[in-house]
Amino acid sequence: MSKKVGKLPPPPAAHEEAREELFASCSFADLGLHSTLCAHLQDKMSFQAPTRIQAQAIPVAISGQHMLVKAATGTGKTLAYLAPIVHVLQMREPRVDRTHGTFALVLVPTRELCLQVYGIAQQLVHRFHWIVPGYVMGGENRAKEKARLRKGISILIATPGRLLDHLQRTASFSYSNLQWIVFDEADSILELGFGKAVEDILEHLGSRNGATGQIKNKGGHIRRQNLLLSATLNEKVNRLAKISLKNPVMIGLDDQSKPSGKSNNVGNNHTSLLSDEDDEILEKQNDLMEHAVDDFKLPTQLVQRYVKVSCGSRLAVLLMILKSLFERQVSQKVVVFFSTCDSVDFHHTALSQLEWSSGPQRDMDKKQKFLSCKVFRLHGNMEQDDRKKSFLGFGSEKSAILVSTDIAARGLDFPKVKYIIQYDSPGEASEYVHRVGRTARIGEKGEALLFMQPIELDYLKDLELHGVSLTEYPLQRVLDSFPVNGQKPHKRKQISLDMHPCIMSLQRSLEGFVAAEDATKKLARDAFCSWVRAYTAHRGELKKIFMVKKLHLGHVARSFGLKEQPSLVGRSHQVSLKKRKKEQKRERPAKRRKLPSKK
Ligand SMILES: Nc1ncnc2c1ncn2[C@@H]1O[C@H](COP(=O)(O)OP(=O)(O)OP(=O)(O)O)[C@@H](O)[C@H]1O
């Protein structure tokens with residue numbers, strides 16, 4: 001007689017498995033953190049247990065050793081360095097006081113990340129009111145920052161350009177007690193051209209080469225501790241590590257590295273960050289980092305797909321996919337990445353203002369917004385106040401779209417983002433990793449979709465080389481489910497994407513929308529020009545995949561709702577180019593400096 005078998009329990013959901021993998025089986029107290037801080041983490045911040053990376057990094061950071069950490073996005077790296085800093089500072093005798101100046105310096109690549117890390121620092125010092133966090137960053141009022149620095153900031157979060165500015169010009173900025181320098185998103189700081197600024201900062205702070213690890217101040221010697229963290233590392237970080245870390249503990253760089261003190265001497269020659277000088281020690285470290293540079297760890301529960309779209313239909317397809325996402329789930333948070341600021345501006349307008357009628361043609365006067373959710377935008381050419389509003393606004397919404405440049409790709413922790421769309425390809429595989437890392441954080445579910453033109457599909461092979469593999473998105477099915485001109489969807493024959501009734505109808509609406517207002521037309525033209533420029537700017541091997549000469553510029557124009565291809569050499573284009581250069585000069589003095597000659 002066959003035995004009746006009870007229903008098998010369902011397999012654990014991917015994100016539950018991911019959570020198990022993410023968290024350590026110890027408590028914060030086991031890591032040596034002060035009981036008041038542990039209670040605060042648990043009761044006020046709802047952090048029940050440390051993540052594995054925190055469990056590895058916190059004891060090392062408390063022990064005073066230099067540290068290099070590589071861990072997947074959304075695994076809690078911020079707490080991994082801030083908690084030990086707060087822990088050590090609250091124990092300090094005599095008690096930390098504003099007049100003591102800055103003890104910890106956290107360098108971050110973007111203003112938004114600066115605000116975010118500052119927010120977390122504020123929460124962590126809640127029970128230790130004598131520890132004062134603060135920030136300085138581009139776009140803020142220098143005089144007010146000077147006043148705050150004069151009063152004293154114990155934990156200072158900063159973007160490199162503005163920090164260097166204060167080091168050079170704010171005499172009352174006291175850092176003689178400086179104990180920690182943290183590079184959060186270390187590779188990005190260098191990629192953004194802050195390499196020279198970072199060297200100058202280390203020079204000012206007397207912290208090049210990890211020096212002796214001892215800095216003399218009035219009260220005696222202070223042990224300096226430098227910490228470098230990112231989800232991706234590159235050769236430049238290797239060099240930064242070489243000049244700023246002494247015997248660092250490597251965490252997450254290879255599976256054998258343990259926090260118990262396996263350390264790798266990184267050397268202490270006075271060497272330029274950008275020099276090619278090699279030595280035995282650097283070679284050893286290179287060996288260790290080679291694996292770390294090439295292979296990226298992504299959250300295991302993240303669903304990654306690509307959608308193959310011909311150039312001219314890209315925008316119509318984007319709109320369709322967004323609509324289907326919000327229909328599938330009313331409460332959605334989506335980030336869409338674009339390659340340029342102008343492109344963000346244009347798409348922000350199109351996504352938030354495009355109207356259409358899903359009824360029969362004669363009902364065109366009963367138009368509604370195509371997407372009814374809020375749309376925020378974020379890029380580096382926005383006024384600082386608008387930038388802040390977007391960052392905070394999108395963070396606090398339950399359901400919204402954020403259209404952004406790569407400025408949102410690094411470190412930003414918007415709650416409940418479920419979907420990432422890379423409308424323009426990210427270029428370097430490391431940028432892919434950071435963009436998709438805005439979802440599926442701390443074990444949550446998340447999906448990512450990469451737009452690819454048929455001519456660009458080799459990019460998928462490039463990603464595979466870094467251990468990233470994507471499956472295809474069922475676009476035809478999504479399009480076939482849409483009613484067009486009030487007609488219910490029915491099984492349609494397989495036709496080319498550009499000829500799909502749904503795409504054709506939406507493309508007509510888009511072209512009408514762009515043509516209706518001169519201002520919109522200008523936005524579309526500027527976006528087109530900047531997009532083509534960005535396409536030509538791909539570097540190295542990627543130039544062979546993203547070849548501008550393979551593009552049909554008429555089709556590119558179509559993807560901006562333009563019926564005709566605008567000139568790429570127009571006056572307005574030249575003016576905006578000049579304006580942008582001027583702004584960049586003001587913002588990033590480091591980038592225009594001449595690099596030191598290679599030895
Ligand atoms: N131990 C913990 N338990 C629960 N949540 C946590 C814990 N530690 C951090 N978090 C939360 O996890 C999220 C991600 O943290 P964080 O931004 O520090 O990640 P990250 O590793 O720095 O990511 P990225 O590489 O993208 O910068 C945040 O919302 C944070 O509040």
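Read the numbers this way: they start at 1 and go in the same order the structure lists the ligands and their atoms. Here, residue 1 is the first one in the sequence, and each next residue gets the next number. These values consider heavy atoms only, across backbone and side chains, with no hydrogens, waters or symmetry-generated copies.
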Heavy-atom pairs closer than 4.0 Å: do any link ligand 1 to the side chain of [X], the backbone, both, or neither?
| X | answer |
| --- | --- |
| Asp413 | side chain |
| Lys77 | both |
| Thr75 | both |
| Pro415 | neither |

Near [X], which atoms of ligand 1 are under 4.0 Å from a heavy atom of that residue?
| X | result |
| --- | --- |
| Arg441 | 14 (C), 16 (P), 17 (O), 19 (O), 20 (P), 23 (O), 24 (P), 26 (O) |
| Phe28 | 1 (N) |
| Ala72 | 21 (O) |
| Thr78 | 16 (P), 17 (O), 18 (O), 22 (O) |
| Arg438 | 26 (O) |

Can a donor-acceptor pair be found between the side chains of [X] and [Y] at a distance below 3.5 Å?
| X | Y | value |
| --- | --- | --- |
| Asp187 | Ser230 | yes |
| Ser63 | Gln65 | yes |
| Asp406 | His434 | no |
| Thr340 | Ser530 | yes |
| Gln329 | Tyr419 | no |

What residue and heavy atom of the protein are closest to [atom], and at what distance?
| atom | value |
| --- | --- |
| atom 12 (O) of ligand 1 | Ile442 CD1, 3.3 Å |
| atom 23 (O) of ligand 1 | Gly74 N, 2.8 Å |
| atom 3 (N) of ligand 1 | Phe23 CE2, 3.4 Å |
| atom 8 (N) of ligand 1 | Gln54 NE2, 2.8 Å |
| atom 30 (C) of ligand 1 | Phe47 CZ, 4.0 Å |
| atom 19 (O) of ligand 1 | Gly76 N, 3.2 Å |

Just to check, does Ala49 reach to within less than 4.0 Å of ligand 1 when the distance is taken from its heavy atoms?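 Checking ligand 1 against Ala49, which is what was asked, there is a heavy-atom contact under 4.0 Å.
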
Aromatic rings Phe546 and Tyr535: how do their planes relate, parallel, tilted or perpendicular, breaks at 30° and 60°?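 Phe546 and Tyr535: perpendicular rings.
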
Cation-pi check for Phe414 against Arg438: NZ or CZ below 6.0 Å from the six-membered ring centre and within 45 degrees of the axis, yes or no?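 That pair does not qualify as a cation-pi contact.
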
Has Arg148 got its NZ or CZ under 6.0 Å from the middle of the six-membered ring of Tyr135, at an angle within 45 degrees of the ring axis?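 Yes - Arg148 lies over the ring of Tyr135, closer than 6.0 Å to its centre and within 45° of its axis.
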
Partner residues of Phe173 under the ring-ring contact (aromatic ring centres under 6.0 Å, His included) criterion, sequence neighbours left out: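 Expected list: Tyr175.
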
His347 versus Tyr423, closest heavy-atom pair with distance: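 That would be NE2-CE2, 3.7 Å.
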
Should one rank Arg52, Gln123, Glu185, Gln116 by closest heavy-atom distance to atom 27 (O) of ligand 1, which comes out on top?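 Result: the heavy atom closest to atom 27 (O) of ligand 1 is in Glu185.
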
Would you say the side chain of Leu228 lies within less than 4.5 Å of the side chain of Leu233, judging by non-hydrogen atoms?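 Not touching, per the 4.5 Å side-chain cut-off.
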
Any N or O of Gln48 closer than 3.5 Å to N or O of ligand 1: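 N/O-N/O distance under 3.5 Å: no.
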
